[in-house]
Structure formats: C-alpha cells, structure tokens
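Note that the structure is predicted; figures quoted are calculated from it, not measured. Below, chains carry the letters A, B, ... as their sequence lines are ordered, and counting in each starts from 1.
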Number of protein chains: 4
Amino acid sequence: MQVLIAYHSDYMHTQAVADAIVAGAKAALADADEVANVVLKQTVDVGLDDMCAADVLIFGSPVHMGSMAWQMKQLIDSGSKLWMAGELEGKIGGVFATYGGYGGAGGGVEQTLIALHANFLEHGMLVCGFPRSLSGYAYAGLHWGLAVRTGNEEGMPEGIDEAALLAARAYGSHVMETALRLK
Amino acid sequence: MQVLIAYHSDYMHTQAVADAIVAGAKAALADADEVANVVLKQTVDVGLDDMCAADVLIFGSPVHMGSMAWQMKQLIDSGSKLWMAGELEGKIGGVFATYGGYGGAGGGVEQTLIALHANFLEHGMLVCGFPRSLSGYAYAGLHWGLAVRTGNEEGMPEGIDEAALLAARAYGSHVMETALRLK
Amino acid sequence: MQVLIAYHSDYMHTQAVADAIVAGAKAALADADEVANVVLKQTVDVGLDDMCAADVLIFGSPVHMGSMAWQMKQLIDSGSKLWMAGELEGKIGGVFATYGGYGGAGGGVEQTLIALHANFLEHGMLVCGFPRSLSGYAYAGLHWGLAVRTGNEEGMPEGIDEAALLAARAYGSHVMETALRLK
Amino acid sequence: MQVLIAYHSDYMHTQAVADAIVAGAKAALADADEVANVVLKQTVDVGLDDMCAADVLIFGSPVHMGSMAWQMKQLIDSGSKLWMAGELEGKIGGVFATYGGYGGAGGGVEQTLIALHANFLEHGMLVCGFPRSLSGYAYAGLHWGLAVRTGNEEGMPEGIDEAALLAARAYGSHVMETALRLK
C-alpha cells in the first residue's frame, strides 16, 4: 500500500504529530503483513504525482487565523487538475490539525478539519474520522480527525502532550486499518 | 445487507428524493446479488433498534432556516445512547438534503450536509460523499452528499427536477457499492 | 432597550451561563443609563412576539451530538414566519454554547456557534463575536461567541469554572455595548 | 470613512464583482455626504497598514477546491500580527465569493463565506451578512454575504449575470450603511 502524509509545520509541532502518525501507520501495515511505502512530505515538496501514486492520503495543518495554513491550501488548490480528471476518486483520506488553544476550544480547529475533509470529499474520496474507541480520544480526537493542542489553558505554547502523540499513533493505525477493509 | 433510510419531509419533496435513493440502493444490491432489506422511515418512526440493526444508514432533511429540520435533529439527539456504547462504529453512512434555493446557492445546504456528516462521524462511521463521476452531479451533487433544489431561481417552489431524481438514484447505488467494498 | 436571552438547558449548566450573561447585560445597560428590560426564557417558553419585541437577541444551547440541541432548533424553525416578513432585520444578536469537552476540543462547539450565527444572519441581523480583549477569552471565548466547557480533560462532567462565568458576564456586557453603538 | 476592498481574481470575475461593490459603496457614502476613500486592491498588493487604516474591510475570493483561494488565505495569515495587537477590533467587515456552480449549489461557497467571516470575527470585528430585503437576494445573496455564480447549470463558465452585479452593488451600499449606523 502506498501512503502519502503531507503537512505544513512552522514550529515542529505539526511535524512531531505527523511523525507519530507515520509510526502508527507503519505498525498497522506491518501487523497486516502489507507491503507498504509510507511517504512523509512537507506541502511544498508534494507533487501531483505523489497524490496520484498514493492509495491513502493524510493531510495535516496548523490552525492559522481560524483555518488551515495557506501553504496547505496552496497544495490543495494545485490538486484541481486531479479533480477535473477524477484521479483520486475512491481513495481513502485522513486529516489532522494542531492548534494553539487560544479560546476555550482552540478557535478554528473544527473548521480546519472540516475544510480538509471537504477537499478529499470533493475528490470523491472516503475520509476517516477519529472514532471514540481509539486511545487518546479525550485528548486529541474530534469527529473529523486528529486535533492536537499545543498551547495551555491560557493560550501559551507548551508543546505536545504524550497522550496526544499516542492519539496520533492510534489515528495513523486506524486510517490504515480502514484502508485495508476496503481492499 | 440491512439499510436504513431516515428522512423528515414536510411537502413530499424530501420523501420523493428518499424514494429515488431507495430505488437506487435496491438496484445496486440486486446487481451484486446481495440479499438486502432496505427500510425507509420518517424520523418520528425511527427507533434506536433500527439504527443498530442497519449496516448502512442514510439520513436526509430539508434545509429549514439554514440547517437541518428540528425533527431530524431530534432523531440524532436520541442517538447519544448509541454513541456512548459505540454501537454504530465502523458502519457506512450517506446524507442528503433538499433546499428551496432561496439565495443564490440555497442558503444552508452545505451546513446541513456537514452537520449530517458530523453526526455519523461522531458515531465513528464512514460517510460517502457525492463523487463528480456520478450522473446528476451538476444538478444535485455536493462534495458531502446529495443536495436537491426544490425552488426556482427566484426562490419559488417548482418541485423536483427529473435530473435530480436520477442523481438521487445514482447516490443510493453509490452508497451501497461503497458498503459492498467494505465487506 | 429590550433584550431576549433564550436557551435550552438539561443539567442547569447552560442556565448558569445564561444567568451570568443576563447579569453582564444588565450591568452594561445600567452603566449607560439605558432603560432596559432583559427577558430570560427557556426555548419552549419563547414566542414569536418575544423575538419581535426584542432589540437584541442572544441564543444559547448545549452541544448535543455535535450540534445545537433539537429544542433550540425547534425555536429557530418556528422563526421562519418572521424571516418571510423580515421582522428581525437590522437587530443585534449574540450566541453561546456549552459543551462537555469530549474530544480534545469539545466536538461540535464551533459548528453549534456557526449554526446559531447563521440563523441570525439569515434574519438579516448583525451578530457579535467574542473579541480577544474581553476578560475570560482564553477560557471561554471563540470567534463566534461564548463557549463554556462543562467537562474535564477526560470528558467527565465537572461543572462550570468561575473564569467561564466571568467570560459570560463580559460577553453579556459586550453585546449590549455593541447594540448601544448602533442606536 | 476609509474602506478597503481586497480580493483575489483569476479570470476577472471576482474583479468585476469587486468593482460593483466599490460602486455601491461609493454611492451609499455619497448619499450620506460622507467623505470617503474606497481602496480596491488585489490580495498580493494589500499591506498590514492598509488593514489598519480602514474603518471597513470587505474581503472576497473565488471558491477553489471548496474553500477560499490560497492567495486570500495568505493575506489572512499575514494578519495574525494585527490580531495579537487587537488592531482591527470593533471595525466592520463584509465578505463575498464567486463560484463556478459545479454541483447543484456550487460546492464550497458557504464554507468560503463562513471562513471569511471567521477571520473578521477572530479580529473582533462585526460582519455584515446579506439581508433578504436587498435587491438581487434570490440571485446572489447568502446569509453570510454576497455569492456570485459564474457557471451555468452544467457547471460550464458563462460569466456574471447582470442581476448578480446589481446584488453586488446593493451589498456594497448595505455594508456602508451599516458602518454609518455605528459611527
């Protein structure tokens, strides 16, 4: 199985989350004896051929000013040619976001995940949410996918909780297990 | 395969759409030689046991004041017990909406479909969108699912276009074909 | 100034928040020497005449299954007659939500506030968000309005923080001050 | 009154809409004998000082892959410094989008407008929707703002309807009239 995990990261937080997703994905594919190639790239390094080659795509972004970072949007906009051709239809997707936690619930994290969903849905893909039964749900699960807080209750940066990284790992595994159900 | 299609309808429009989805679903299941039971119910008649029994759930609502009708929300809220127990996790969902077309794009139809998605995602389900390759996409497809306009450009009621009913039938088939991919 | 604050509450949390908003609203109106009538009602007790009489409307709901409680949606749907007649156009609105905090960010609180906004916007009203400069922002502010968490990090009920009630009070005052700017 | 209208445009459609908004804004300000300076700029030409200088900000974007163009998001992300400083708090905003009409309702136009709202709300601004009483509502009004379709029912480009340009002009006037109410 060919897997593409694309992310934008400013301060290494989103990259740390992406690394944990990769670990979870590889573990699940190894458990299933699936020959796999998991590719991790920053958005600026992703080409349309990377998207076409993948059976599973996972996109992640920090929340900037209430929605995904423009660098992720730039990648998504580049995919309009693939949409015209229906190249990604029927593939599996997963989504994740990091957010600083400004405001009681981290303003814009839902909107970010919903927008990442929308892109994959527009391509005719199926998108995996974060089910309540996955470990780490209370720390970093939202219906739509993985949501990792990087700030404390006062909105100050505090890094990523270990429980959130476990949730990231669990989500990486979950998306792969769902993809395997569809083979 | 056990299928539940639940809808609220005030003026028979949403019901007509639901009927077309049922026809499409049955056709796809017959094509696949799948023994099937497709249950169509108004929201007020749906019990928690109906949801638990189904392998595939399709929910639809008219857009009222910019979001789903309260009658559909009442059904969804009743499902919180199932969420606590994780009863619907891993099932397949589909969503549809009818909208009068007030405003250039029928105000709230996206929000209605996104809210229907959110409910299924919260239950840990996979939700089928409406891919561009399905017939009727230009008339009644949105990324998230089926969206049928029942008013004209001035926002006056005009009933449902035949092209939209074909889209509804195509969507019913598509959701079933996706569910069969997961068996 | 005539003010209507309408809410649905199951476990008294949303009611406690509504009470704090009322206190903040009254304080701001008293400071401005504005003769005021602040009416607080559960959704089931609100009539269309209450909505028409108000200069300012504030609606609040708990997040149930990822969106507003059906009881609030029922009130909103009843307002479609007022929408037809344009009765609420130009009035000022505010919105609030309580959420259990299941999932890293309390799944659905943004969607709930956005849906409450959408209703007021559909009526042609102006809606006040929760600016960063208000006290309590880090605890209970989201762009769209007030968002009060009632569960702890594990998603278990723990009641409402004092800082959140101060945010509620500040928001009640802010909505009134905005309404006074428009006189 | 200082007004900034910022937009991104690929094929002149969004620019034509922006021009009509400018005309409507100027007309309303002239009617009110308000000394005005209405600045129209592409997103790449907008600086933070333009945003700070404006009393009223109107942002518009085409819908690309279901949400705002990355060029508009880039402008919005650049505004995070202003958010930290609270520079835009209390100002008035308006939003608009153009969409091709792919899918029955033009996939993503609501999401685009909601995201543009969210940015202004995060800055602590008040955002004007498109009330039902404005001319052109049935053609180009959505609760959140102006939404102009540039494709036909089959999703093919067909340019902008005259009724939509009238709606754009009406919206430009409406945002100014609201700003004048707040002085």
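Atoms CD and CZ, on C:E122 and D:F130 in that order, are 13.0 Å from each other to the nearest 0.5 Å.
In terms of heavy atoms, C:T178 sits closest to D:L126 at CG2-CD1, 3.6 Å. When all heavy atoms of C:R132 and D:E89 are compared, the pair lying nearest together is N-OE1, 4.2 Å. Residue C:V127 comes nearest to D:L121 through the heavy atom pair O-CD2, 4.3 Å, listed as atom of the first residue, atom of the second, then distance. A pairwise comparison of heavy atoms in D:P131 and C:G124 identifies CB-CA, 4.0 Å as the closest pair.
By number of non-hydrogen pairs under 4.5 angstrom with chain C, the leading residue of D:S133, D:G86, D:G129 is D:S133.
Of the two parts of D:H123, neither the backbone nor the side chain holds a non-hydrogen atom closer than 4.5 Å to a non-hydrogen atom of chain C.
The closest donor-acceptor contact from the side chain of D:R181 to the backbone of C:G90 lies under 3.5 Å.
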